[in-house]
Chemist: 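Handing you a structure now.
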Protein chains: 2
Amino acid sequence: MTEKQRLILDAALKLFARDGYNSTSTNKIAKEAGVSEGLIFRHFRNKEGLLDFIVQQGLEIMKGELDKTGLLKDPRAKLKASLLLPANIVEAKPDYWKVQVSLKYMNHEIAEKYHESEFMENALALLLDAFTELGYKNPALESQLMMMIISSLFLSLVHGDIDNHDELMEFLVKKYKL
Amino acid sequence: MTEKQRLILDAALKLFARDGYNSTSTNKIAKEAGVSEGLIFRHFRNKEGLLDFIVQQGLEIMKGELDKTGLLKDPRAKLKASLLLPANIVEAKPDYWKVQVSLKYMNHEIAEKYHESEFMENALALLLDAFTELGYKNPALESQLMMMIISSLFLSLVHGDIDNHDELMEFLVKKYKL
DNA sequence: AAATAGAGTGAGTAATCACTTTCAAAAGTA
DNA sequence: TACTTTTGAAAGTGATTACTCACTCTATTT
């Protein structure tokens, strides 16, 4: 990874997050990064290759966080960590998740590649374990509902339109007796 | 509204929903509609005008549905109707909502115009009324949570990745004792 | 010192984009 | 009929797009 490669990746992530993938031309990326436009294609083959590279990194971070959560023994701790996951990962790399989310809703071939991943199934399995262990009557539906809450939380955080995150967390923790 | 105008609107809605706004050229719309490309600009001024026209209709439908829900007297009925709202409106016009949703996550100027609307606030106020009337301890947070569930439901339905809607509804109705 | 290779440049390319212009056929109106 | 307006098609327009190509520069290897 040369310095210019880093500059290109940083510029692309910033612009993709701010303006969207389609509205960001390779010309703009090159200008923002302070490199020649041709260099983008030497290092990343094409515009989509650049996107690929960026998003692949994000997916691995997400997977790492989820694995950490899975290691927890106490089911209540697992659920609490799952609820806090969105805030933690979005805060760490907001631009990353802005791009990820916009891809999901772009309904374009590019989007599907990343979101058919086994990630959701892993997360759901983790919740299912916890609710089962806690003796909930209908753990499958409980975890489906929890999953909906978590993804909604994630979206709100990415778009920056949530102003009472801590209060909301406290409310949920109390509701689920975590 | 001439016949060709209808043809253009239908073609545009279909293509915007399938491929996204940015990836749909006016040329493609004209071909799909079987009219000349120039006609699009005669009738709708520009590509964004076409989008405007399409989305404006959807917003009015949504508002109408919400108003109907607001007329209900029983707070439990209000909540139940709110939960069923996504399925009802998405089933009626799936392509409409696919476009609406993709706009929201396009992070582009076009998107903001539609989603700063007072719609969300009205919906939230309706839920707040219901939870307050039912004597919930923290009606504000309860309605915020319900809003998250509803919008998550809406998104899943739009993307067609929900295969147990009725079961989920039954579960929620029981959980909230509606 | 000669050869090789990778990093980097920037002008150039064909294709596609949203949009305009021109003009003719209908359709309405007197 | 004679006119005006509306509706439509077809062939443009310049700008922008992702991407290529011929080339230079620098550093390492032979």
Side-chain angles (χ1 to χ4, degrees), chain A residues 1-57 95 99 102-103 106-114, chain B residues 1-57 95 99 102-103 106-114:
Chain A
M1 175 84 56
T2 68
E3 193 204 333
K4 306 257 171 174
Q5 265 174 304
R6 259 266 75 79
L7 286 171
I8 291 170
L9 284 171
D10 289 349
L13 177 61
K14 177 179 165 186
L15 295 180
F16 287 167
R18 199 189 64 194
D19 305 326
Y21 176 75
N22 278 323
S23 302
T24 302
S25 68
T26 50
N27 183 313
K28 275 192 233 162
I29 295 170
K31 286 218 170 99
E32 172 78 24
V35 303
S36 67
E37 196 177 352
L39 196 58
I40 294 173
F41 296 91
R42 174 169 301 281
H43 285 310
F44 301 100
R45 229 178 82 88
N46 52 30
K47 192 184 169 188
E48 205 179 321
L50 181 55
L51 180 66
D52 247 56
F53 197 100
I54 288 175
V55 174
Q56 205 55 48
Q57 291 175 298
D95 277 353
V99 173
S102 74
L103 282 180
M106 243 172 59
N107 43 14
H108 202 278
E109 342 160 8
I110 301 171
E112 284 150 31
K113 191 156 46 175
Y114 305 108
Chain B
M1 173 85 57
T2 69
E3 192 203 333
K4 307 260 171 176
Q5 266 173 304
R6 261 265 72 93
L7 286 171
I8 291 170
L9 285 171
D10 289 348
L13 177 60
K14 176 180 165 186
L15 295 179
F16 287 166
R18 199 189 64 190
D19 305 328
Y21 175 75
N22 276 325
S23 302
T24 302
S25 67
T26 50
N27 182 310
K28 277 192 234 165
I29 296 171
K31 285 218 171 100
E32 172 78 26
V35 301
S36 67
E37 194 178 351
L39 196 58
I40 294 173
F41 296 92
R42 171 178 296 284
H43 285 310
F44 301 100
R45 229 176 81 89
N46 53 28
K47 191 184 169 188
E48 205 178 320
L50 180 55
L51 180 66
D52 247 57
F53 197 98
I54 288 174
V55 174
Q56 205 55 47
Q57 292 174 295
D95 277 353
V99 174
S102 75
L103 283 179
M106 243 173 59
N107 43 13
H108 203 278
E109 341 160 8
I110 300 171
E112 283 149 31
K113 190 157 48 175
Y114 305 108

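To find a chain, count down the sequence lines: A is the first, B the second, and so on, and within it residues start at 1.
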Chemist: Assess A:Lys47 against A:Tyr21: is NZ or CZ under 6.0 Å from the centre of the six-membered ring, and within 45 degrees of the ring's axis?
Modeler: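 Geometry flag: set, cation within 6.0 Å and 45°.
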Chemist: Specify the separation, in whole Å, of atom CZ of A:Arg45 and atom P of D:dC21.
Modeler: 13 Å
Chemist: Nearest-Å distance, NZ (A:Lys31) to C1' (D:dT16)?
Modeler: 12 Å
Chemist: Rounded to whole angstrom units, what separation is found between the CZ atom of A:Phe44 and the P atom of D:dA18?
Modeler: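 Value for this atom pair: 16 Å.
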Chemist: Specify the separation, in whole Å, of atom OH of A:Tyr21 and atom P of D:dT17.
Modeler: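 After rounding, the gap between these two atoms is 13 Å.
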Chemist: From CD of B:Glu48 over to C1' of C:dC19, roughly how many Å is that when rounded to an integer?
Modeler: 14 Å
Chemist: If the condition is ring-ring contact (aromatic ring centres under 6.0 Å, His included), which residues does B:Phe44 pass it with, not counting sequence neighbours?
Modeler: B:Phe53
Chemist: Quick one: B:Asn27 CG to C:dA15 C1', roughly how many Å, whole number?
Modeler: 12 Å
Chemist: Before giving the answer on side-chain contact (heavy atoms from CB on, under 4.5 Å), spell out for B:Ile29 and B:Leu50 the whole-Å C-alpha distance, their side-chain angles and the decisive distance to 0.1 Å.
Modeler: CA-CA 11 Å; B:Ile29 296 171; B:Leu50 180 55; 3.9 Å; yes
Chemist: Mark yes when over 12 heavy atoms from residues, nucleotides or ligands other than B:Lys14 sit less than 6.0 Å from its NZ; otherwise mark no.
Modeler: no
Chemist: Rounded to whole Å, how long is the line connecting atom CE of A:Met1 with atom P of C:dG8?
Modeler: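 Roughly 12 Å, once rounded to whole Å.
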Chemist: Could you state the atom-to-atom distance from CZ of A:Phe41 to C1' of C:dA7 in whole Å?
Modeler: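 Atom-to-atom, A:Phe41 to C:dA7, this comes out as 17 Å.
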Chemist: When all nucleic acid strands are considered with a 4.0 Å heavy-atom cut-off, which category describes A:Ser25: base, sugar-phosphate, or nothing?
Modeler: sugar-phosphate
Chemist: For the residue pair B:Glu32 and B:Ala11, what are the closest heavy atoms and their distance?
Modeler: CG-CB, 3.4 Å
Chemist: Check nucleotides 7-9 of chain D against the protein and report each pair of N or O atoms closer than 3.5 Å, with its distance, or say if there are none.
Modeler:
residue	atom	partner	partner atom	Å
D:dG8	OP2	B:His43	NE2	3.1
D:dG8	N7	B:Arg42	NE	3.1
D:dG8	N7	B:Arg42	NH2	3.3
D:dG8	O6	B:Arg42	NH2	2.9
D:dA9	OP1	B:Lys4	NZ	3.4
D:dA9	OP2	B:Ser36	N	2.9
D:dA9	OP2	B:Ser36	OG	3.1
D:dA9	N7	B:Ser36	OG	3.3

Chemist: Within the distance-only criterion (no hydrogens, no angle test), does the side chain of A:Ser102 pair as donor or acceptor with the backbone N or O of A:Val99 below 3.5 angstrom?
Modeler: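 Yes, the answer is positive, given that a donor and an acceptor are paired below the 3.5 Å cut-off.
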